[in-house]
Amino acid sequence: MEGEKDRIRARIKEQRRALGQREREKMAESIKGEILRMKEFRECHLFFTYISHDMEVPTMGIMRAAFDDGKVVAAPKVVGKGRMEFYLLESVDSLSPGAFGILEPQGGRVLTPKMGQTFLLLPGLAFTRQGDRLGYGGGYYDRYLEAYQESFLAAPAYPFSVLDHLPIQAHDIRAHALVLPGEVIYTKM
């Protein structure tokens, strides 16, 4: 199973790298628009977001929109081997390089998801239309979300990262919605 996961990860990373800058920006802007129109995003009080890196669907514009809308914004910080917490962000300027070279909050207050109030952007490399997710292999989000299942999980995705099947395990966390350019796919929950 791990060999198959690694092959899928490598293929999707290559497809991301092959995207032209203009094409990537166009898709990212469309995905951002879809997220901002989602009822779950408009009505949430807490917005938990990954900080995009390495050709992921960009999150900075979505974060700025959440700040402008008066939402409480939080981002992940690695706090130990295989563990992360979400920390309150005052602005995008309060981020600096952390684990794996990814921008992280530099301390502050830890926030936890609240039932019916939290919209969480879920990163991943590949997904199925049923919400199955293949992450980067560290298990950070699976472990974190096992304890906090109250969040609405939306996964921004490029069209080529949506596959018919993924080798998943029982503990793998599923997305409630996939957000693609021009389309939101709500999964069976």
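We count residues from 1, following the sequence as given. Please read all numbers here as calculations on a predicted model, not as lab measurements.
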- Does the pair Arg17/Glu14 count as a salt bridge with the N-to-O cut at 4.0 Å?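 So Arg17 pairs with Glu14 through a salt bridge.
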
- Query: Does Arg16 come within less than 4.0 Å of Asp54, counting only side-chain N to carboxylate O?
  - Reply: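 No.
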
Quick check: is [Y] connected to [X] through a chain of hydrophobic side chains (ILVMFWY, heavy atoms under 4.5 Å apart)?
{"X": "Leu111", "Y": "Met84", "value": "yes"}
{"X": "Met55", "Y": "Leu180", "value": "no"}
{"X": "Leu178", "Y": "Leu153", "value": "no"}
{"X": "Tyr140", "Y": "Val110", "value": "no"}
{"X": "Phe160", "Y": "Val162", "value": "no"}

Is there a side-chain contact between [X] and [Y] (heavy atoms, below 4.5 Å)?
{"X": "Leu95", "Y": "Pro105", "answer": "yes"}
{"X": "Thr112", "Y": "Tyr148", "answer": "yes"}
{"X": "Tyr50", "Y": "Ile102", "answer": "no"}
{"X": "Ile185", "Y": "Phe127", "answer": "no"}
{"X": "Thr128", "Y": "Ile168", "answer": "no"}
{"X": "Met60", "Y": "Ile51", "answer": "yes"}
{"X": "Phe48", "Y": "Pro113", "answer": "yes"}
{"X": "Tyr144", "Y": "Glu85", "answer": "yes"}

Would you give the length of the straight line joining atom [atom1] of [X] to atom [atom2] of [Y], rounded to the nearest 0.5 angstrom?
{"X": "Arg11", "Y": "Leu125", "atom1": "CZ", "atom2": "CG", "result": "11.0 Å"}
{"X": "Ile12", "Y": "Tyr158", "atom1": "CD1", "atom2": "OH", "result": "11.5 Å"}
{"X": "Gln106", "Y": "Lys77", "atom1": "CD", "atom2": "NZ", "result": "4.5 Å"}
{"X": "Asp172", "Y": "Tyr141", "atom1": "CG", "atom2": "OH", "result": "15.5 Å"}
{"X": "Thr49", "Y": "Phe86", "atom1": "OG1", "atom2": "CZ", "result": "7.5 Å"}
{"X": "Ile62", "Y": "Glu34", "atom1": "CD1", "atom2": "CD", "result": "11.0 Å"}

- Regarding Lys71 and the six-membered ring of Phe41, is the cationic atom NZ or CZ under 6.0 Å from the ring centre and inside 45° of its axis?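 Positive - Lys71 is close enough to the ring of Phe41 and near enough to its axis.
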
Indicate the atoms forming the closest heavy-atom contact of [X] with [Y], along with that distance.
{"X": "Glu40", "Y": "Tyr186", "answer": "OE1-OH, 2.8 Å"}
{"X": "Ala177", "Y": "Met38", "answer": "CB-CE, 4.0 Å"}
{"X": "Ile8", "Y": "Ala126", "answer": "CG2-CB, 4.0 Å"}
{"X": "Val92", "Y": "Arg64", "answer": "CG2-NH2, 3.6 Å"}
{"X": "Glu183", "Y": "Arg129", "answer": "OE2-NH2, 3.3 Å"}
{"X": "Glu56", "Y": "Pro123", "answer": "OE2-CB, 3.8 Å"}

- Using the side-chain contact (heavy atoms from CB on, under 4.5 Å) rule, take Val72 and His45 through it: C-alpha gap first, then chi angles, then the decisive distance, then the call. CA-CA 6 Å; Val72 175; His45 174 65; 3.6 Å; yes

With no hydrogens and no angle check, is any side-chain donor or acceptor of [X] less than 3.5 Å from a backbone partner on [Y]?
{"X": "His176", "Y": "Ala154", "answer": "no"}
{"X": "Gln15", "Y": "Ser161", "answer": "no"}
{"X": "Thr118", "Y": "Lys114", "answer": "yes"}
{"X": "Ser94", "Y": "Ser91", "answer": "yes"}
{"X": "Arg109", "Y": "Leu88", "answer": "no"}
{"X": "Ser52", "Y": "Thr59", "answer": "yes"}
{"X": "Asp142", "Y": "Ile173", "answer": "yes"}
{"X": "Arg133", "Y": "Ala175", "answer": "no"}

- For atom CG of Asp164, is the number of surrounding heavy atoms from other residues, nucleotides or ligands below 6.0 Å larger than 12?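 Not more than 12 within 6.0 Å, no.
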
- Query: In this structure, are over 12 heavy atoms from other groups packed under 6.0 Å from Arg22 atom CZ?
  - Reply: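 No.
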
- Before giving the answer on side-chain contact (heavy atoms from CB on, under 4.5 Å), spell out for Asp6 and Arg9 the whole-Å C-alpha distance, their side-chain angles and the decisive distance to 0.1 Å. CA-CA 5 Å; Asp6 290 342; Arg9 287 182 180 111; 3.2 Å; yes

- Message: Let's go through Phe47 and Met63 carefully: what are the C-alpha distance in whole Å and the side-chain angles of both, what is the deciding distance for side-chain contact (heavy atoms from CB on, under 4.5 Å) to 0.1 Å, and is it a yes or a no?
- Response: CA-CA 8 Å; Phe47 176 62; Met63 257 191 333; 4.1 Å; yes

- Task: Please assess Val57 against Val179 for the test side-chain contact (heavy atoms from CB on, under 4.5 Å), listing each intermediate value before the final yes or no.
- Result: CA-CA 10 Å; Val57 173; Val179 187; over 6 Å; no

